[in-house]
Amino acid sequence: MSVSTPDVEANQGGRKVIELESVTIRLAGDSGDGMQLAGTQFTNTSAILGNDISTLPDFPAEIRAPAGTLAGVSGFQIHFSSRDIHTPGDRLNTLVAMNPAALKTNIKDLEPGGLLIVNSDAFGAGDLHKAGYKSNPLEDGSLANYRVLAVPITKLNREAVADIKLSPREADRCKNFFALGLVYWLYERSLEPTLKWIREKFAKNPAILEANTRTLKAGYHYGETVEALPVHYRVPKAQIKPGRYRKITGNEALALGLVSAATLAELPLVYASYPITPASDILHQLSDLKRYGVRTIQAEDEIAAIGVAIGAAFGGALGVTATSGPGVCLKSEAIGLAVMTELPVVIIDVQRGGPSTGLPTKTEQADLLQAMFGRNGECPVAIVAPCSPADCFDMVFEAVRLAVSFMTPVFLLSDGYLANGAEPWLIPKISDLPRIVVKHPTRPNSNGNGEAHFLPYKRDERLVRQWAIPGTPGLEHRIGGLEKEDVTGNVSYDPLNHEHMVRTRAQKIANIADYIPPLAVNGPPEGDLLVIGWGGTYGAITTAVERAQRKGYKVAQAHLRYLNPMPKNTGEVLKRYKRVLVPELNCGQLRLLLRGTYLVDAVGLNKVQGRPFLVSEIEEKIEAMLR
Amino acid sequence: MSVSTPDVEANQGGRKVIELESVTIRLAGDSGDGMQLAGTQFTNTSAILGNDISTLPDFPAEIRAPAGTLAGVSGFQIHFSSRDIHTPGDRLNTLVAMNPAALKTNIKDLEPGGLLIVNSDAFGAGDLHKAGYKSNPLEDGSLANYRVLAVPITKLNREAVADIKLSPREADRCKNFFALGLVYWLYERSLEPTLKWIREKFAKNPAILEANTRTLKAGYHYGETVEALPVHYRVPKAQIKPGRYRKITGNEALALGLVSAATLAELPLVYASYPITPASDILHQLSDLKRYGVRTIQAEDEIAAIGVAIGAAFGGALGVTATSGPGVCLKSEAIGLAVMTELPVVIIDVQRGGPSTGLPTKTEQADLLQAMFGRNGECPVAIVAPCSPADCFDMVFEAVRLAVSFMTPVFLLSDGYLANGAEPWLIPKISDLPRIVVKHPTRPNSNGNGEAHFLPYKRDERLVRQWAIPGTPGLEHRIGGLEKEDVTGNVSYDPLNHEHMVRTRAQKIANIADYIPPLAVNGPPEGDLLVIGWGGTYGAITTAVERAQRKGYKVAQAHLRYLNPMPKNTGEVLKRYKRVLVPELNCGQLRLLLRGTYLVDAVGLNKVQGRPFLVSEIEEKIEAMLR
Amino acid sequence: MATSSTTNPVPVLQPKDLASDQEVRWCPGCGDYSILAQMKKALAGLNIPREKLVFISGIGCSSRFPYYMNTYGFHTIHGRAPTIATGLKICRPDLSVWVITGDGDGLSIGGNHLIHAIRRNVDLKIILFNNEIYGLTKGQYSPTSRIGTRTKSSPLGSIDNPLRPLSIAIGAEATFVARTIDVDVNHLTETLRRAAAHKGTAFVEVYQNCKIFNDGVFEYATDKSIKADNTLYLEHGKPLIFGKDRTKGIRLNGLEPEVVTLGQGVTVDDLLIHDEKAEEPSLAYLLSRMVYPRFPECVGVFRCVERPTYDELLNKQTEEVIRVKGRGKLEDLFASDDTWVVE
Amino acid sequence: MATSSTTNPVPVLQPKDLASDQEVRWCPGCGDYSILAQMKKALAGLNIPREKLVFISGIGCSSRFPYYMNTYGFHTIHGRAPTIATGLKICRPDLSVWVITGDGDGLSIGGNHLIHAIRRNVDLKIILFNNEIYGLTKGQYSPTSRIGTRTKSSPLGSIDNPLRPLSIAIGAEATFVARTIDVDVNHLTETLRRAAAHKGTAFVEVYQNCKIFNDGVFEYATDKSIKADNTLYLEHGKPLIFGKDRTKGIRLNGLEPEVVTLGQGVTVDDLLIHDEKAEEPSLAYLLSRMVYPRFPECVGVFRCVERPTYDELLNKQTEEVIRVKGRGKLEDLFASDDTWVVE
Ligand SMILES: Cc1ncc(C[n+]2csc(CCOP(=O)(O)OP(=O)(O)O)c2C)c(N)n1
Ligand SMILES: Cc1ncc(C[n+]2csc(CCOP(=O)(O)OP(=O)(O)O)c2C)c(N)n1
Ligand code: SF4
Ligand code: SF4
Ligand SMILES: [Mg+2]
Ligand SMILES: [Mg+2]
């Protein structure tokens, strides 16, 4: 979102203040430069200030590359606004580059005329060479299209902390806070929240505390004093639903959601996982929540992880496992076992760039058809997909609800963008959270020839079997992966029984459609175009569609958070629009399902770059289709 | 195929001879009764006699059940005809049941008025009990709808071999040949081929040789003499393409096809597999063909098996692995690696009943979407599917051709029915077999900055990269599962490169369509209905469609032997018919692909019983749709 | 499967109480029958209530076992039983969890899960039916088949050097390792009882005859006329003596065992003494290397030591934090990061 | 990757000839750098032509290794490198095939393939970089992490009893087993040379420091001031002596090793003599059990014996039938079942 025309022109401290609706900035530097921390501080401050926010970190590839190299660049992007926003922003209004490598890898995202703040101390010949610059961009005119503010950040930071007892390394480590202070001034943010954080964080280390405090202020004052900055900016409070908020990433939301769902369902949570980017953080989060009764197991591989989850489910616990695409391959046989034995397990797939090892740190949506069909035989499972970081909380809750109330494995499809992206989360009242009621049977469920029997595959009207658990006297039974006889669950090779069971398993999943909300439409109930998506593209699609609507196009948006089964009204919604557009970060997977299921001539907008959609990309496609 | 009205009535040896077009018989007994052997003998004899044949064994579940139980019944069905036939037959004209269990499990398939031959000596109280009969079916009138011939086979066989030195067990083991002899008489078959087989097989064991010879003849003469059989039958020679034939099962054809393709491509064949029903026999076959230069490895699991195949391919060999559905799950991650590294491997999936362990010995077609989509990321592979046992030879040849000429993994989808079913195979002339030309590069393929370089991901006009193998000086290079930079193959996280490579991999597979035959139509070029199928349903569909055509319906048939990519004209063919029917042994997997790709409102005929289609089932559906 | 119910289980079970209603489907003469019978006998003695017993298996003839026990049971997928058993045990320490596996299921496809369950010392009783063949898939050689074994998949004889189940288990830090034989019914029963009594992973290899595809492969250890000379029954604290008339023994020569005959100069005191409690597993390992025909093969408990179990440690860790910090409330959890209020 | 070509390779390679054009991407200070350098040095000496060298790895920091060698290389998938290396070796016995793996890649997800490659004795050189951590995924504990290791995934300390790579390898019938240390450059080079010289699976554990996530975990074995007392360098046929002034040794007490000080009554003759060629692996196993701080940890070649390799046996079997029966012709193959002619 580029700078909108100034609403207000004040004259304050001799400086112009320009009020803006939304701003997108990115802090970029070497992995060692602490950009993630500075970004987090800016985000928190802006949130407390009352802006709506959306952020996205950009980590370097998995291994720490040598300092100063392109591969070692780490960035943190913040979109803050006085309006309700849904994405971390397309183009940057301001870029802070702590070294040449950071400049080189990020400059392309800065809008023409955008503000570029660089640490000029880091542009020595060696630094330039490491970044592959033949000449110094600060001097060769290649940055002419931008407003460049070259600041000797290293030097100024050292001066700021000069008379504090610190090793040179420690001293230099503070420079991210100098930059942060400068940006705080630039956007009229109060230093207090960060100063408070510094006080708490470094309480045990007065020297560091003092150093960070001083350099933060020094950065701020530098902004005030230096002539080079004629204006600074103001982004007013946004209209936000009142309540207590926190910032949450998708992976955090999944962890919290799982603990909440288990607690409210009164089920012990057993989380078994094998580390894999970008899902590992869920394991890290949950391992730290043992006091909430969570049991985490780091298994020897993905097969073992889902095995543990299935075993836990057999024992009456909430069995959950998370992984990314390559791990889903390995879990697929065991998922089939859970389908055949009709045990509730939640499988989280934090999708990343594929195929094969692919792009482990990048985002993609290309595992949908794998989740639908990636198993032998007719093997239906339920699939849900959150649409934003905070929505991960609600949808993992749904995944748990569906798993235990339909005795089925449920896939939750997240992605690298949702996993690491953050947004404000209105902390829910516990009493407002859905209750999940689980009843393990305690007595036999039939009375064949006088004797009481337990029939493990006897079903209720929704076709769901009972969750009888070991330790219950009189309900002893055996389950397994061979085809089951209807009702008794005995092994059966009978042809008609097999057909009956295949169709029953399919119908049970289909029945879920009666227990999920219908597909909602954002925009006119009918019209020229429906833009339908799923997962993490929600924010970009929403923003694009709303812009197109403001331009007067008859376009609506629908977003599928339930992918199998789809909401009952999906087909009917699709038919209400002349054309259908399906933006996906894959080659058209949802599109195939919609076309095959509903015979609509859906068009795809497909991007497979390991990056989320830019709002503009979708906006252009919409206009191209309607113009 | 029920008995057609008699064409000829001869009077021969005081007996009527009725000439029939086609006959279907089944020999059923306990696993120990040698029914498979008797069936094979009858098949060979009929083939030599000039009939067209199609056979299907019906094994008991995997473990040998106690003798005489239902679970222990083993059957062998033979369809022999004076016309060109495509299936083992729907209903039985004659059933031989060696014990009550065999009767109970098979009688339902005998046509009304059909001939039932039972070994009356095996109907004691104990035998009846084991089979779960409350009363003796030979006496309680429950068989009134059939022509029952109760023969004391055990007794007669013992008499026949009485004065030969044999243990009682050895003596009784011969009784299958008594039954065989009787059936030979019934259908006017010569004993000579079987007598010859006996002479060769038991050359080292005169007693057994003599016993089998005698009892075979005794059975034949019993037919001649016993009054109970007023008629016998004649099935004349069929019009069959001249040449040398052998009987072949799908699994045999795959083994022979692989060896042939490797030999003609001048590639060493490395076949790595982990045993699994119904694919194990391919491993058994190939382990016995070491003198054809085959290397077989029984790996520790399916993952290791495909790992070995990929490693062999990297080394310049033809790497092949085979499994069934559960094993495909385990191989899926490694298949992704082969897609990313663009190495040629052939993956054979002999489909069985699913999901999970499912019905290991039964047939199904439910792994199509798994083969298409069962991997993380956008991960396209080529897929072919043979349509008959003998076609397994041709299609595995195709799989090899596509794999090595397009540097891609290729799936071959067989199934339990094709694997164990047999039909005559016209032995090809070696000179008529397709040549597969493989050239491993021996010198660098570029000249970047003066120096000669080898670029592993440089492609030809079909987008295929070169197959450079270790040991070649100057071509040293590294490949792997991380996204590759175009041309150089270096690891690349570049967004646009990723998109380019994803689309390039997809396009390479799409390009295969230029190198496969178009979809052929059997029947009118346009009309009311197109019946389109894939895999082992070919025989049943063909027969049903031809019958409907004879009844005057405007119905045509097309069968997909290439499923990814599909033949270029597929969409155009589909559009030429008012309606489209897709019979599948699954819940509609090809149907989803056709609808999603071509937006045709294809209707499904779906059977999921672990059994092949009956011709009548398809015939009825066709008429129901057109009536 | 449908099972008859006894809402208040009889305190002392009879073996027959442990039989399910399912028809047993192994081949006539299969060694599995005996193992099933002895298992029922062994468990009947322990008065663990039926509903507390769980049998978890992979895939194979042996893995059909759970269907025949009137307890809770799970016939899972090939090679993965230890993972599912681990999941069950960690959340249900109250259960007695048994894993039934085969030489293919446990050592071929399932080798990794087996060694990880063992090294973690999850409180599972793992019974490996070793018939040196793949029975269910109709007779291919297995990872325990001796070199040269001719099968459908090795018509010229297998070339894969076999694994020794006990050596692998000991290499994987096992706390309980034993070997027994299908037809030695008393020893089998006793060994199963010992396994049940062990806290931690109990790994038991059972020599099991596959009547159909590998008949007689253990004849040297089961044939009345010769078994005494080819097997050595281990007893804790006792010298290693064997032979028809117990005149032969095992002596250490440096670190190599050697067979000696008692009498001519050799006395019982020269013999190696068995110590199943030895701190270091070197003795158990050495015994696991003794292979027929060069040596008699040891039968009995090779090693039995105590170590905290994984399930116990895992649950302790949770209980401990809860004890110290108190059970977490969702409210606190949600507020565990900086929060702010919007009016 | 694009690589400069030398169509007729220089007979004797220099280490630098083995460097690829790819920028090395490990963290500054990572132990992997040293292993890479010594590998080049070790191989340069052997004059195996570059094109005959193949490095196959799984996934992990360590597994990036092949990209940095100007040989053939394959960065495969997590844990599966031994299977792919086996496939390559059996059809290309002419190549020198190296497997690079980590403690997670080789012992967690890949444990099963590792033990099967070892027991089959496929002619592979398997180098396991043991840093007792998952580096690439940013620091979770691994199957070799000591109990109590605090990581992102074990904030309260790990509870999984670790595997000892050498014990597992020996339990899996290994023919060559060695241990060396990233910073002991000469020993590392020499050990890699020994591995290269072994015919069969050579399994080498390298203590490797992960600067970022597990820094200093091997300090006891690398710190100049103390390493002499905490490590014992094995030499074939020599007594087990160690210590700063080589006054300490290892003596056998029954089957338990014990640390003794030479001098007071204890002479070198009392000490255990190392024998890497011992027929039975019990000694190697016992040495693999010696763990700091109770014992010095052995470094060097634990075991090195000859056994036919899998690849060799496999190819022999084929050559043999062909020699005896003659190379099969397709015509015979097609006619291998009864045939009949239709005129
Ligand atoms: C994933 C998978 N691969 C292969 C199989 C086929 N299979 C079933 S059991 C078995 C081996 C059985 O051998 P073992 O474990 O020794 O058991 P046994 O039958 O000898 O008791 C195999 C290969 C399968 N069911 N699943
Ligand atoms: C199937 C699969 N699961 C998980 C991962 C994630 N992963 C990559 S490397 C690794 C472990 C690396 O540890 P190690 O083998 O010790 O190598 P190191 O990085 O320590 O050298 C994991 C879990 C993956 N790439 N693939
Ligand atoms: S095949 Fe062998 S192991 Fe399986 S049931 Fe029959 S005898 Fe037992
Ligand atoms: S994370 Fe550790 S092992 Fe990986 S490169 Fe960095 S220092 Fe080396
Ligand atoms: Mg077995
Ligand atoms: Mg590691």
Side-chain angles (χ1 to χ4, degrees), chain A residues 30-32 59-72 130 132 251 271-291 294-305 322-327 329-331 352 354-358 360-361, chain D residues 22-30 32-33 57-65 67 74-80 103-114 133-145 149-160 163 210-213:
Chain A
D30 196 64
S31 317
F59 305 119
E62 286 151 295
I63 307 182
R64 309 211 175 171
T69 61
L70 298 175
K130 278 205 209 113
N251 277 348
Y271 181 88
S273 184
Y274 185 66
I276 185 167
T277 307
S280 308
D281 282 338
I282 309 169
L283 173 63
H284 304 156
Q285 301 271 349
L286 288 170
S287 327
D288 231 353
L289 301 180
K290 292 213 157 51
R291 56 179 290 240
V294 181
R295 290 188 189 76
T296 57
I297 285 102
Q298 180 175 309
E300 60 268 27
D301 65 15
E302 285 84 354
I303 302 175
T323 186
S324 190
C329 291
L330 292 167
K331 293 179 194 289
R352 65 188 214 183
S356 194
T357 312
T361 56
Chain D
Q22 295 298 297
E23 184 191 340
V24 182
R25 287 271 182 88
W26 288 308
C27 306
C30 176
D32 293 357
Y33 283 98
S57 64
I59 303 284
C61 297
S62 34
S63 291
R64 297 284 172 103
F65 194 96
Y67 290 125
F74 201 159
H75 179 225
T76 71
I77 47 178
H78 200 28
R80 318 304 175 185
D103 42 319
D105 188 65
L107 288 172
S108 194
I109 193 169
N112 202 38
H113 307 303
L114 185 72
I133 201 83
Y134 292 172
L136 188 64
T137 46
K138 304 200 166 146
Q140 301 83 9
Y141 71 100
S142 90
T144 56
S145 302
T149 302
R150 288 175 188 270
T151 68
K152 288 197 189 107
S153 60
S154 56
L156 305 176
S158 60
I159 59 172
D160 313 44
L163 281 170
C210 171
K211 186 83 185 149
I212 304 300
F213 298 113

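- The shortest non-hydrogen separation linking Ile276(A) to Thr137(D) is CA-CG2, 4.4 Å.
- Taking OG from Ser153(D) and CD1 from Ile282(A), the interatomic distance works out to 13.5 Å, rounded to the nearest 0.5 Å.
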Item to check | Lys138(D)/Ser280(A) under side-chain contact (heavy atoms from CB on, under 4.5 Å): CA gap, chis, key distance, verdict | outcome: CA-CA 9 Å; Lys138(D) 304 200 166 146; Ser280(A) 308; over 6 Å; no

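- For chain D, the nearby part of Ser356(A) is the side chain; its heavy atoms alone come within less than 4.5 Å.
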Next on the checklist: Show, in sequence, the C-alpha distance, side-chain angles and deciding distance for Glu302(A) and Ile109(D), and conclude whether the side-chain contact (heavy atoms from CB on, under 4.5 Å) test is met.
Outcome noted: CA-CA 8 Å; Glu302(A) 285 84 354; Ile109(D) 193 169; 3.5 Å; yes

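- For chain A, no part of Ile159(D) is nearby; none of its heavy atoms comes within less than 4.5 Å.
- When heavy atoms are compared at a cutoff of 4.5 Å, His78(D) approaches chain A solely by way of its side chain, counted from C-beta outward.
- In terms of heavy atoms, Thr76(D) sits closest to Thr357(A) at O-OG1, 4.3 Å.
- For Ser108(D) against Ala299(A), the heavy-atom pair with the smallest separation is OG-O, 4.3 Å.
- Here the CD-OG distance, from Glu300(A) to Ser142(D), works out to 13.0 Å after rounding to the nearest 0.5 Å.
- Proximity to chain A (any heavy atom under 4.5 Å) is shown, for Leu107(D), by neither the backbone nor the side chain.
- With a 4.5 Å cut-off on non-hydrogen atoms, Ile303(A) does not touch chain D at all.
- Using modelled atom types, no side-chain atom of Gln298(A) and backbone atom of Gln140(D) make a donor-acceptor pair closer than 3.5 Å.
- Rounded to the nearest 0.5 angstrom, Asp301(A) CG and Asn112(D) CG are separated by 9.5 Å.
- If you take CG on Leu283(A) and NZ on Lys152(D), they are separated by 11.0 Å, rounding to the nearest 0.5 Å.
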